[in-house]
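Just so you know, ligand 1 is whichever comes first in the structure, and atom 1 is the first atom listed for that ligand.
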Amino acid sequence: MTLKAVFFDAGNTILSLDYAVIVDALKRQDFLVDQEEVWRAECRARVKLDPFLAKVTVRESPEIFSRYVRYICEEMGLPWGEKAERLLQELREINRHSNLWRGGAVPGAREVLGDLKGNGYQLGVISNSDGRLETLLNEVGLAEYFSVIVDSHVVGFEKPDPRIFHWALQRTGVTPNEAVYVGDFYSLDVVGARRVGLDAILLDPLGVWPLLDCVKAKDLFDVRSLLPASPSYR
Ligand SMILES: [Mg+2]
């Protein structure tokens, strides 16, 4: 069996939240925190959000967005009240107009994607998004690395639905056991990928996920080190 392709989630995997915009929005509600604090809070918030993502049928929803913002605030020790509600509304508006995932490529993305592609891997993105994923990847200069970009809003299926993974596999011409999937939410990314027979790697930058039955990586450099340098038998 040969590992030929690596598929990636988008948000928090290769695309960063726009932490500068979030910090500014927090400041307007008198919450003074820095980008590092928001990032760390977000890494923990996703562990709390995961069980809800596992239960609902629509993931790109206002309810999930609210919960996500609320958990990030909780993890920063910010009280939930009128100010936080105003923050939520503002972030929702920003996300609607210009997308909160405009923070650019995550650290290491260009280097790692460039290496993997240069060494012969096929690369793809499979993301629960809102129809703007490909534009966003073009804007930050990441689109060129991928032979397939799958946006749930465009294809009509969200992770962990097997159909979104099959869509990408068919377009790259690889079988599930020839590919691995990298993402940051256990219930969507790891469970979803495994359901179709893909191996999965969970990104866990702070090592805060509980003990799980999957391989974890703290960043994309870690992911690269877990893979054979080039497509090869394993
Ligand atoms: Mg993600």
*T175 and E178: side chain donor to acceptor below 3.5 Å*: yes

Check: Would R171 count as a cation-pi partner of W167, with NZ or CZ less than 6.0 Å from the six-membered ring centre and within 45° of the ring normal?
Finding: yes

Checking side-chain polar atoms at under 3.5 Å, does K48 have a donor or acceptor matched by the opposite partner on Y68?
no

Looking at D9, the N/O/S atom that lies nearest to the Mg ion (ligand 1) is called OD2

Task: the Mg ion (ligand 1) to nearest N/O/S of L188 below 2.8 Å - done: no

Any side-chain donor-acceptor pair under 3.5 Å between S187 and D50?
yes

inquiry  = Please determine whether D189 has a backbone or side-chain N, O or S atom lying under 2.8 Å from the Mg ion (ligand 1).
reply    = no

Here the N/O/S atom of D184 closest to the Mg ion (ligand 1) would be OD1

